[in-house]
Amino acid sequence: RQPVIAIDGPAGAGKSTVAKQVANQLGLHYLDTGAMYRAVTWLVLQSGIPLDDEPAVAELVANAEISMWHPEGQPSQISINGQNVTEAIRSQSVTSQVSAIAAQKEVRRLLVREQQRYGRTGGIVGEGRDLGTHVFPNAELKIYLTASVAERARRRQQDLINLGLGEMSLKQLEKDIAERDRLDSTRAIAPLRKATDAIEIQTDSLTIAQVVEQIVQLYQQ
Ligand code: C5P
């Protein structure tokens with residue numbers, strides 16, 4: 001059987017960086033489920049379909065093909081319908097609309113099915129909002145990563161600078177993050193929750209290396 005480490009938590013808690021490094025250290029595959037919701041959101045925005053036209057959105061997503069790959073020493077890449085959207089999915093418009101798309105039942109059903117399929121191809125370290133609660137309820141290890149809104153805004157600001165997407169004010173980022181937390185944790189289907197059997201790590205005063213080490217140790221126990 002293929003081991004699964006499920007890492008959930010709110011926006012900007014450091015899940016991507018941590019999950020990628022844990023996967024590298026343990027020789028497991030990395031699965032960024034947020035990137036999948038972002039890619040389909042990008043596709044919907046491109047298509048001109050109204051975001052709240054759920055049947056049309058569902059049909060678009062059902063026919064979409066997503067691929068993800070991880071070139072060594074480079075950021076993970078994602079394409080949808082053959083278009084590389086690695087950078088486009090980090091844009092402000094996708095970030096501000098993704099929660100509305102991720103709240104749609106059929107979108108979640110389709111993407112969760114893909115995620116579970118991926119989980120059967122080999123051991124994975126996955127990150128998202130509902131992996132421990134819905135996608136991989138039997139995961140070997142469940143982690144819930146958190147950090148204060150202020151700290152998450154600081155990290156997001158640095159990420160955006162590193163991605164060459166410019167500098168956004170901390171105040172605006174805090175507002176955006178708090179709003180995304182609210183939308184993600186109050187939606188009807190698979191809201192953001194700590195699974196009852198998840199281990200919570202509060203990361204405000206921890207380095208990435210320390211968080212990675214804790215998770216690797218928990219897994220090896
Ligand atoms: O992690 P990231 O910020 O890239 O996630 C983008 C959005 O995708 C989240 O704000 C949430 O709305 C959605 N998402 C989700 N379930 C997941 C992963 C992400 O609903 N497992």
Side-chain angles (χ1 to χ4, degrees), residues 4-20 30-45 51-52 54 57 61 66 68 75-78 80 85-119 124-137 139 142-147 149 151-153 155-160 162-163 165 168 173-195 198 203:
V4 172
I5 299 179
I7 302 180
D8 291 305
K15 299 184 301 289
S16 300
T17 316
V18 165
K20 230 178 275 175
Y30 164 61
L31 174 63
D32 178 355
T33 63
M36 298 171 72
Y37 288 98
R38 286 172 180 272
V40 300
T41 301
W42 176 88
L43 191 66
V44 175
L45 291 171
L51 266 69
D52 59 358
E54 292 202 20
V57 168
V61 175
I66 297 176
M68 294 186 280
S76 298
Q77 305 286 307
I78 180 164
I80 188 159
V85 292
T86 305
E87 283 169 22
I89 61 168
R90 303 294 156 191
S91 70
Q92 185 57 22
S93 61
V94 169
T95 302
S96 62
Q97 318 269 28
V98 60
S99 296
I101 295 296
Q104 296 183 17
K105 186 173 179 186
E106 187 61 10
V107 169
R108 297 203 74 82
R109 192 184 69 77
L110 291 162
L111 294 189
V112 166
R113 196 178 61 183
E114 278 307 301
Q115 292 156 16
Q116 291 171 336
R117 190 175 296 158
Y118 189 70
I124 64 162
V125 181
E127 53 122 335
R129 301 290 186 291
D130 63 338
L131 303 194
T133 51
H134 286 89
V135 185
F136 301 112
K142 299 181 185 178
I143 301 291
Y144 193 76
L145 275 197
T146 63
V149 171
E151 176 61 20
R152 290 189 277 135
R155 293 177 187 169
R156 245 319 119 91
Q157 190 184 48
Q158 196 54 54
D159 286 349
L160 292 172
N162 294 344
L163 287 168
L165 293 175
M168 273 179 69
L173 286 166
E174 285 188 16
K175 216 178 114 212
D176 294 353
I177 283 174
E179 175 63 1
R180 206 136 61 88
D181 286 357
R182 188 184 70 76
L183 292 172
D184 289 343
S185 54
T186 57
R187 67 171 177 237
I189 311 152
L192 170 65
R193 287 268 182 292
K194 175 186 171 297
T203 65

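Each ligand, and each atom within it, is numbered from 1 in the order the structure gives.
For Asp8, there are no salt bridge (Lys or Arg N to Asp or Glu O under 4.0 Å) partners two or more places apart in sequence or in a different chain.
One finds a salt bridge joining Arg152 and Asp181 here, because a Lys/Arg side-chain nitrogen approaches an Asp/Glu carboxylate oxygen to under 4.0 Å.
Residues with a heavy atom under 4.0 Å from ligand 1: Thr33, Gly34, Tyr37, Arg38, Arg90, Val98, Ser99, Ala102, Arg108, Gly128, Arg129, Asp130, Arg180, Asp184, Arg187.
In summary, of the residues considered (Lys15, Arg90, Lys20, Arg38), a salt bridge (charged side-chain N to carboxylate O under 4.0 Å, His left out) with Asp32 occurs for Arg90 alone.
With values rounded to the nearest 0.5 angstrom, Thr203 atom OG1 is found 6.5 Å from Glu151 atom CD. Distance check, rounded to the nearest 0.5 Å: CZ of Arg108 to CZ of Arg129 gives 9.5 Å.
Two residues are said to be in side-chain contact when any heavy atoms from C-beta on lie closer than 4.5 Å; Met68 and Met36 meet this criterion.
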